[in-house]
Structure formats: structure tokens, C-alpha cells
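Here is the structure we will look at.
Positions are given from 1 along the sequence.
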Amino acid sequence: MDTADQQPAVRVTTESADEALLRASWLPLILVCFTGLVSVFNASVLPMAISGVVEGLDTTISNVQLAIVAYGVFVAAFTVTGGKISGVLGAKNTQLLGLTVYIAGMLICLLARDVSALIAGEAVAGLGGALLVPNALAILGQAYSGTQRTVAVSILAGSTGIGAALALLVGGFLVQTWGWRAPFLLLLVVIAGTIVIASRVVLPRTPFRGSIDKASIALSAVGVLLLVAAINQIGAWGLLLAAESAPVSVLGLSPVLAFLLLGVLVLHVFAARQHSLVDGGRTALLDPQVFGSGLNRACLIGLVAVNLLMAGVSYLLPLYTQMVLGKTPVGSALMLVPISLAALVSAAATPVLMRLFACRWLLTGAHVLAAAAVMLLALTISNQWSGVWTGVSEVCLGLGIGVGLSAGSALLMETSPQSLSGEIGSARGMANFLGLCTGTAVAGAVLMSVLAQSASGRVADDPDLRSDSRIEVTTSSVSFVANDDLRGRLAGLDLTSAQLDRAVEINVDSRLVALRASLFVLGLAVLLPLVTFRQLPTRREQ
């Protein structure tokens with residue numbers, strides 16, 4: 001009788017434990033997805049709010065571009081260090097620390113009174129992101145294995161599409177309704193909720209043995225900073241020949257070349273030091289196994305290229321639709337949503353695609369599709385932003401980006417031992433954000449360079465605007481500003497009404513030429529990793 005009375009109690013207890021385990025098993029994935037949404041939302045919302053920030057802080061588009069780049073630069077520069085800190089503190093504690101730093105950065109952005117404070121806030125958020133980005137794969141590596149881990153990584157990659165779509169729609173609505181500060185307030189609330197989720201996650205913790213090499217921290221950070229700084233200054237200093245604004249010039253060459261070479265050299269020294277640390281029985285900041293594999297290098301280079309394309313497009317199109325077409329933030333968002341939704345769908349389908357196609361051909365197809373789509377967009381885009389082919393190119397672009405991000409990340413995780421999850425997360429984070437900040441910098445540099453050259457040439461060839469004073473003033477006024485602002489800048493000149501209309505028309509046409517040139521450069525860039533994809537598997541995953 002006593003035994004029978006006890007059986008129901010045992011059954012209830014077991015069921016409760018199973019339910020608790022089931023709930024707990026979803027929390028790590030929910031946590032990293034929410035964190036990914038925050039990161040992508042922050043990176044995507046500033047381009048949507050660019051006109052509001054320029055007006056609200058009385059600054060220039062170049063300064064807002066610097067704020068956008070600042071976040072990605074600090075993530076890329078310190079994400080390797082963040083991955084090692086994850087091993088020292090444990091994944092859960094690192095997540096809580098990263099979210100706390102991130103919330104401080106968003107608070108600085110919310111309260112910013114000038115563009116310098118906005119840049120500082122994004123830089124602080126980048127330090128938090130440097131902890132969170134590598135820690136995401138460390139959490140998934142500890143919580144899941146096998147097929148579950150592949151699906152979890154694909155879902156995490158899919159959160160990029162969700163975050164971008166939310167930044168476009170929700171961020172655009174908030175900016176249009178309450179101003180450019182409103183999205184940062186929303187992010188503060190979401191991050192606070194994410195901290196609550198992080199506090200409930202239970203993860204195993206492996207004791208850390210060894211020490212963090214300070215020289216490696218400096219080398220990785222300085223190398224990335226030099227590369228991004230050089231790329232960001234291409235427009236101002238020139239790529240090969242030094243422009244007038246370049247601080248120094250040796251034999252007429254731009255200092256950008258020196259910065260690029262120095263950055264590559266520093267990163268090479270960093271890689272060599274990791275090998276020497278392991279050979280000497282010490283702890284490397286980034287395990288050489290991560291970048292020693294040809295497969296890993298191919299995946300990482302592919303991630304840099306796809307993120308470069310995504311960031312460049314995300315910067316160019318909102319800028320163009322708001323400044324040239326006069327669209328509101330919500331109007332710009334609606335025009336760009338097809339890219340984000342297509343990326344979300346293709347990322348969600350990637351686990352199935354990886355079983356239907358060999359990884360080499362899947363990633364090759366994704367990059368070729370993305371490149372073809374962005375070039376088609378460049379050919380079909382117009383000042384009316386209409387036409388079937390423009391919509392088709394947006395959808396295809398999103399499909400290529402989604403598969404490229406998801407398959408590259410999943411292949412990295414699947415082919416690496418679980419003990420290297422944090423290291424893989426560090427390398428993936430550096431690749432992603434190096435691509436993001438480089439894409440914005442490259443797009444901005446090409447855009448402004450082509451715009452100035454195109455406008456100068458058109459003014460010089462125009463019979464009504466070819467006097468020296470008008471040419472000089474008109475070309476110096478060339479910038480990506482709203483049409484009404486441009487007309488206001490030129491209104492004070494000694495121009496007739498017809499000449500004023502012609503000067504504005506030339507600038508508008510030149511901006512379309514500059515946009516198309518920038519999109520073509522991004523399309524070529526996403527094809528560069530194809531030569532490395534020969535290192536990828538040619539058989540379907542079993």
C-alpha cells in the first residue's frame with residue numbers, strides 16, 4: 001500500500017525534471033539569438049537613421065559613417081581576446097559581462113549630444129560585442145552537439161536576417177516617429193531582458209589553465225585597427241596616389257598603402273606568435289588549429305566577403321533612398337525588406353541544403369548568386385526605384401547572403417572539435433565584423449570618390465557651368481546631402497534659375513553613377529573567396 005502510494009509521486013517528479021530539462025535546453029539558443037538580434041539591430045539601425053543623426057547632431061555623413069565603423073572595428077579588434085576571456089570567466093559570466101558593457105555603450109549613444117559621444121558609445125558597445133560574439137558559439141558548443149548544433153548555428157545565422165528586418169521596420173518606424181534616439185532606448189530594454197535570460201542559463205564550466213598573452217592581445221588589435229583605418233581613409237587619402245588631404249606622401253604614394261602593408265605584417269606576426277606559444281607549451285590567444293586548416297581559412301575568408309557585401313549594401317541603399325529619393329526611414333525600410341526576409345529564409349533552409357549539396361558547391365553558388373544579384377541591382381536601379389528586376393535582384397541578393405553566412409558558420413563548427421568552440425567563435429567574430437566595418441568603409445570610399453569625379457567631369461563638360469568659379473564652387477559642394485539642402489547651398493551663388501536646376505540635376509545623376517560603381521565593387525569583392533573554396537568538401541554531408 002505504501003509502495004503504491006509513492007509511485008505517482010515518483011512519476012510526477014520525473015516528469016517535472018524532464019520538462020525543466022527541456023526548457024533549459026532551449027535557453028542557450030534563445031540567449032544567443034537575442035544577443036545576435038541586438039548586435040545586428042544596432043549595426044543596422046544607424047544607416048536607417050543617418051539623415052536624422054546628421055540633422056540632430058549637426059554633423060556630416062562621413063562622421064556618421066565613422067560611428068557605424070567604430071562598432072565593427074572594436075568588435076573585430078578585440079573579439080579574439082573576448083574568446084579567451086570566455087574560457088577564463090566561463091561562458092555564462094562572460095555573457096553577463098558583455099551585456100553589461102553593451103548596455104553602457106547604448107546608454108552613451110542615447111544621451112549623446114554630439115557625434116563624438118555617439119562614436120564613443122558605439123566603440124564601448126563594440127567592446128561588449130567583442131565578448132558576446134565569440135561567446136555565442138562557445139555557448140552553443142557547450143549546450144548542443146551533432147545535428148542539434150548544426151541547426152542551432154543555422155538559427156543563429158538566421159537571426160542576422162531577423163535583426164536586419166527588425167532594424168529596417170521597427171527601427172525605421174521609431175526613427176520616423178520619435179527620432180533617431182528611440183532605437184537605442186528600445187535596445188536598452190531588450191538588453192535588460194537578455195540579461196535576465198542569461199542569469200537563468202546553466203552551463204558547464206571548465207577550469208582555465210594557463211595565462212592570457214598580452215603581446216598577442218596588442219598584436220591582434222593593432223593589426224585589425226591598421227587595416228580598417230587604412231580602408232576607411234581610401235576616399236580621403238587615395239588608394240595608390242596621395243590625395244591633397246593625405247597627411248604625408250612618399251614619392252607621391254598614399255599612406256594607405258603603408259597602413260595596409262603594416263596591418264598585414266602585424267597580423268602575420270600575431271599568427272607566428274600563436275605557433276611559438278603552443279610550441280613552447282604556453283597558452284595561445286587563438287589556437288593555431290583555427291587558422292591552420294585550409295577549410296577554416298576558406299570559410300573565414302568567405303564570411304569576410306559576405307559580411308562586406310551585406311554591410312556595404314546596408315549602408316548604401318538607405319543613404320541613397322533617403323538623401324536622393326527623399327524617402328522617410330519607414331519608406332526606405334519597406335524598399336529594403338526583401339533582402340532581409342530572403343536572407344532569413346535561406347539561412348533557415350541551410351541545414352537542409354547542406355545535406356543536398358556539397359559544401360564547396362553550396363558556398364560557391366551562394367557567392368556567385370550574391371555577386372550576380374548586386375550587379376543586376378546596380379544595372380537596374382534608378383532614381384524611381386521601380387521595376388521587376390530591381391525586386392528580383394534584392395531577393396536573390398538576400399538568398400545568397402543568407403546561405404553564405406549560415407553555411408560558412410555551420411561548416412566551421414561541424415569540422416572543429418567541441419573544445420575549440422570558443423576559439424572558432426573568436427575567429428568567426430573577427431571575420432564577420434572585419435567584413436562589416438570594411439564593407440561600410442569601402443562602400444563609402446568608392447561612393448564619394450566616384451561622386452566627386454563624375455560631378456566634376458559633368459560640370460566641366462556643361463556649356464552653362466564651365467566657368468572656373470562655378471566649376472570650383474559646384475564641385476566643392478558635391479556631397480551626399482538631401483536635394484533640398486544641396487539647392488540651398490548653391491542658392492547663394494550667382495547662378496540663374498536654369499543653372500541652379502542644372503547643377504542639382506548633375507549632382508543627382510552623379511550620385512546614381514556613384515551608387516552603381518559602389519555596388520559593382522562590392523559584387524567583385526564577394527567573388528574573391530572563390531579561389532579558396534577548393535579546400536572545401538566536394539561530397540554531400542551524410
Side-chain angles (χ1 to χ4, degrees), residues 16-45 71 75 79 82-83 85-107 109-110 124-145 148-167 170-171 183-206 344 347-348 409 413 421-422 425-426 428-429 432:
S16 299
D18 290 341
E19 291 174 359
L21 180 61
L22 181 61
R23 287 195 301 271
S25 67
W26 285 109
L27 278 181
L29 179 58
I30 293 171
L31 172 61
V32 297
C33 284
F34 265 91
T35 305
L37 287 175
V38 167
S39 180
V40 174
F41 192 100
N42 176 45
S44 303
V45 78
Y71 174 70
V75 176
T79 190
I85 290 175
S86 175
V88 176
L89 301 180
K92 178 177 179 177
N93 292 334
T94 302
Q95 194 77 3
L96 290 171
L97 176 61
L99 289 169
T100 302
V101 175
Y102 209 109
I103 206 169
M106 292 297 95
L107 185 61
C109 291
L110 176 66
V124 172
L127 293 176
L131 293 168
L132 297 173
V133 169
N135 201 50
L137 288 190
I139 290 174
L140 296 184
Q142 293 176 11
Y144 308 102
S145 61
Q148 283 184 320
R149 187 165 64 172
T150 302
V151 173
V153 172
S154 296
I155 292 174
L156 175 61
S159 66
T160 300
I162 298 175
L166 288 175
V170 178
F184 293 107
L185 180 60
L186 175 62
L187 283 172
L188 287 173
V189 175
V190 174
I191 296 171
T194 307
I195 290 176
V196 174
I197 297 174
S199 64
R200 297 184 59 189
V201 169
V202 178
L203 294 170
R205 180 173 177 182
T206 303
L344 172 61
S409 299
M413 287 293 291
S421 295
S426 297
R428 173 181 174 268
N432 284 346

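- Ala130 meets the side-chain contact (heavy atoms from CB on, under 4.5 Å) test with Phe78; sequence neighbours excluded.
- Listed here is the closest heavy atom pair of Leu99 and Ala198: CD1-CB, 4.2 Å.
- Between the CG atom in Leu187 and the SG atom in Cys109 there is a gap of 9.0 Å [rounded to 0.5 Å].
- For the residue pair Ala125 and Asn42, the shortest heavy atom distance occurs at CB-ND2, 4.5 Å.
- Applying the side-chain contact (heavy atoms from CB on, under 4.5 Å) rule to Ser39 yields the partners Tyr71, Tyr102, Phe433; only residues at least two apart in sequence or on another chain are considered.
- Contacts of Ile197 classified as side-chain contact (heavy atoms from CB on, under 4.5 Å), with partners at least two apart in sequence or in another chain: Leu27, Ile30, Leu31, Phe34.
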* To do: Step by step, work out the side chain to side chain contact (heavy atoms under 4.5 Å, CB included) result for Leu188 and Leu110.
  => CA-CA 9 Å; Leu188 287 173; Leu110 176 66; 3.7 Å; yes

* I would like to know whether Leu186 and Phe41 meet side chain to side chain contact (heavy atoms under 4.5 Å, CB included); could you show each step before the answer? => CA-CA 10 Å; Leu186 175 62; Phe41 192 100; 4.1 Å; yes

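- For the residue pair Asn135 and Ala91, the shortest heavy atom distance occurs at ND2-O, 2.8 Å.
- In this structure, CD1 in Ile139 is found 4.0 Å from CD in Gln95, a value given to the nearest 0.5 Å.
- Scanning all heavy atoms of the two residues, the minimum distance from Val75 to Gly126 falls at CG2-O, 3.3 Å.
- Between atom CG of residue Leu96 and atom NZ of residue Lys92 there is a gap of 6.5 Å, rounded to the nearest 0.5 Å.
- Nearest approach of Thr79 to Pro134, heavy atoms of both residues: OG1-CD, 3.2 Å.
- Nearest heavy atoms, Val32 versus Leu29: CG2-O, 3.3 Å.
- For Leu131, the side-chain contact (heavy atoms from CB on, under 4.5 Å) partners at least two apart in sequence or on another chain are Ile85, Thr94, Leu97.
- With sequence neighbours excluded, no residue satisfies side-chain hydrogen bond (donor to acceptor under 3.5 Å, both in side chains) with Thr194.
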